[in-house]
Amino acid sequence: MTSSNPSDFDESLSSSSGDQPGSGASGEPSPETEADSGRAVAVAAEQSEEEEGAQASQIPLEYEHAIEEVDACKRRVLVTIPQREVQRFFANELSEIQDTAAVPGFRPGHVPRKLLEKRYWVELKDSLKVKLMLAAFEDLSEKKAFAPISDPDLDLASVELPDAGDFVFEFSIEVRPEFTVENWKGLKLQKPVYSMTDAQRDHRVRQALENLAELKEVDGPAELGDYVVADITLRFEDRVVNSSENETIRIRPTLSFLDGVADTFGEVMVGVQAGETRTCPVAVSQECQDPELAGKTVEAVIKVRTVKRLDVARVAAAQGATLEELSKELRETVDRGLATAMANAQAKALREGILDQLIDQVRFDLPQDLVKKQTAREVRRMALELQSQGHSVEEIQAQLNQLQRQAGEKVARLLREHFVLEQLAEQEGIDASEEDLEREVIRIAEQMNESPRRVRARIEQENAWDVLRNQVIERKVIDRVLEFAEIEEVARELNLPDRDVEFALSESVARVKSDQAVSQSQGEEA
């Protein structure tokens with residue numbers, strides 16, 4: 001494929017020899033005719049340059065690339081863009097500014113091309129570099145040279161566009177491992193058929209009443225299920241690793257952090273009164289961002305400001321009903337919630353059964369740095385999934401904390417699941433349309449009792465549209481596999497997560513600090 005050289009745009013068009021209309025008897029053009037011809041030539045030249053520039057901008061980038069497999073999920077890519085392509089893109093850049101470029105001694109639009117090239121090469125160099133690299137990235141993506149799962153690992157500032165010669169740069173990128181999903185039709189699955197007990201209904205009704213109740217301050221010892229407003233200080237040996245004031249915490253048997261668990265929290269806190277301080281150990285997970293704390297035990301010092309209790313009786317009185325009458329009204333809502341929970345549990349069991357069999361067919365190693373990088377993404381994905389299933393904020397936080405603490409094991413499994421489902425989606429041509437995404441937004445809004453507008457705003461704020469799209473695609477893939485599966489129904493008792501066991505804080509055991517903040521903190525403690 002040929003491309004235009006910047007110097008080509010500087011050549012003028014000449015008229016053919018022989019007599020021309022409007023010439024004098026001697027064959028020489030009159031001054032008026034010569035001026036008109038000059039203007040016509042200039043206009044024709046400008047139009048020709050504009051047309052040629054427009055055509056050149058539509059020509060795909062010519063380049064060479066080499067891909068090296070670093071490991072199953074990482075590729076190193078070397079891109080070489082020949083000098084003629086650099087010159088073509090530079091010519092396009094000049095064409096966009098030539099009519100307005102300001103050069104001393106010349107009117108805008110009348111600056112000689114060679115002078116423009118010399119004057120604006122340095123100024124346009126950075127934008128030209130970015131456009132060339134972007135064109136290469138886009139073409140590699142269209143050609144599906146690899147299936148990226150992250151942005152390229154590239155320090156843009158360190159890449160230099162040479163003044164002469166080919167433009168060469170390289171980058172690393174994490175990719176989906178290459179494999180094919182076979183034997184996905186005809187899987188043998190067990191479909192659980194759940195039943196609800198009266199005890200489960202009563203338990204959920206009580207939780208629904210508590211959700212409507214307000215907290216009132218208690219002048220006395222705290223009981224299991226009460227709340228405390230407290231200041232928490234987390235210490236490791238003589239060092240304060242984190243602290244928080246005015247946290248409202250429910251006294252459950254267990255208190256969880258994003259990267260730690262206090263298993264004796266309830267035992268320690270029952271009986272505490274306002275103004276008292278209690279301490280309990282917190283087991284730190286291996287996923288803690290402070291390597292000195294990973295796998296260790298820190299001490300939580302809890303200074304109680306007030307003790308509060310849910311006033312359930314006042315909820316019924318405020319509605320002019322007895323507690324028994326209000327409980328009966330809530331039972332219908334609870335039954336609908338339990339029916340949804342059973343449907344979600346059934347779908348989860350089928351999904352796990354499918355993925356257990358499909359993952360066994362493919363083997364690939366996951367680099368640990370990839371697992372760590374994907375943890376935040378998986379937390380967002382799980383949060384959206386739990387919201388769409390109608391879980392409470394407290395239930396969602398508890399499950400997210402568990403995921404954070406067991407990231408290495410759980411995220412590795414989740415990544416394998418996503419890779420398998422994405423590959424099968426690609427094999428079967430399954431995708432998510434804008435209508436699919438809108439339906440999913442409405443479904444989440446209904447489950448969370450929110451407006452679709454608020455759900456969209458939250459997804460936008462969290463930059464989670466790609467997470468939502470993947471969630472829809474994965475559900476479609478599961479439905480496709482179920483169409484061809486052999487399914488056997490089995491009776492099971494519904495095992496719902498017990499909210500009475502754990503209270504989850506959206507806090508880490510260790511606060512990540514800058515070097516300056518660490519120095520200041522150590523100075524204050526000293």
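Computed from a predicted structure; not experimentally measured. As a basis for the values below, the full set of heavy atoms in this structure was taken, side chains included, without hydrogen atoms, waters or symmetry mates.
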Any side-chain heavy-atom pair of [X] and [Y] under 4.5 Å:
X    : Y    : result
Y63  : D139 : yes
V77  : F146 : yes
N242 : F236 : no
M133 : L156 : yes
L255 : L505 : yes
L61  : E85  : yes
L140 : H65  : yes
L350 : I478 : no

With a cut-off of 6.0 Å (strictly less than), are more than 12 heavy atoms of other residues, nucleotides or ligands near [atom1] of [X]?
X    : atom1 : value
E483 : CD    : yes
K118 : NZ    : no
E247 : CD    : yes
E428 : CD    : yes

Ignoring hydrogens, what is the shortest heavy-atom contact between [X] and [Y]? Give both atom names and the distance.
X    : Y    : result
F265 : R250 : CE2-O, 3.7 Å
V282 : A300 : CG2-CB, 3.8 Å
L258 : S508 : CD1-OG, 3.6 Å
S451 : A445 : C-CB, 3.9 Å
V241 : V509 : CG2-O, 3.6 Å
D263 : V261 : OD1-CG1, 3.0 Å

If you apply the rule salt bridge (charged side-chain N to carboxylate O under 4.0 Å, His left out), what do you find for K144 with E426, and how did you get there?
CA-CA 12 Å; K144 297 183 178 180; E426 186 174 308; 5.4 Å; no
Once rounded to the nearest 0.5 Å, what's the spacing between atom [atom1] of [X] and atom [atom2] of [Y]?
X    : Y    : atom1 : atom2 : value
E417 : L358 : CD    : CG    : 10.0 Å
F89  : I81  : CZ    : CD1   : 7.5 Å
E450 : R458 : CD    : CZ    : 4.5 Å
K185 : N183 : NZ    : CG    : 11.5 Å
Q361 : W184 : CD    : CH2   : 11.5 Å
L128 : Y120 : CG    : OH    : 15.5 Å

Go through the steps to decide whether L189 and L482 satisfy the test side-chain contact (heavy atoms from CB on, under 4.5 Å), and finish with yes or no.
CA-CA 9 Å; L189 304 170; L482 289 174; 3.7 Å; yes
Salt bridge (Lys or Arg N to Asp or Glu O under 4.0 Å) pairs touching residues 147-169, sequence neighbours excluded, are K125-D163
For the side chain of [X] and the backbone of [Y], is there at least one donor-acceptor N/O pair under 3.5 Å apart?
X    : Y    : result
R363 : I359 : no
S141 : F137 : no
K296 : V284 : no
Q427 : V181 : yes
K129 : V159 : yes
R75  : A145 : no

Going through the checks in order, is the side-chain contact (heavy atoms from CB on, under 4.5 Å) test met by I430 and L424?
CA-CA 8 Å; I430 298 173; L424 192 49; over 6 Å; no
Between R351, R413, K188, which is the residue that forms a salt bridge (charged side-chain N to carboxylate O under 4.0 Å, His left out) with D356?
R413
R469 and salt bridge (charged side-chain N to carboxylate O under 4.0 Å, His left out): which partner among E440, E434, E474?
E434
Donor + acceptor pair across side chains of E507, S244 (<3.5 Å)
no
Side-chain donor-acceptor contact under 3.5 Å, D436 with S433
yes
Show, in sequence, the C-alpha distance, side-chain angles and deciding distance for F419 and E178, and conclude whether the side-chain contact (heavy atoms from CB on, under 4.5 Å) test is met.
CA-CA 9 Å; F419 289 152; E178 297 176 357; over 6 Å; no
Evaluate the criterion side-chain contact (heavy atoms from CB on, under 4.5 Å) for residue pair V481 and Q357; output intermediate values, then yes/no.
CA-CA 12 Å; V481 175; Q357 296 182 56; over 6 Å; no
Would K131 and E138 count as a salt bridge (charged side-chain N to carboxylate O under 4.0 Å, His left out) here? Give the steps.
CA-CA 10 Å; K131 287 189 177 182; E138 290 177 347; over 6 Å; no
Give me the ring orientation class for F171 and F169: parallel if the planes are under 30° apart, tilted from 30 to 60°, perpendicular past 60°.
parallel
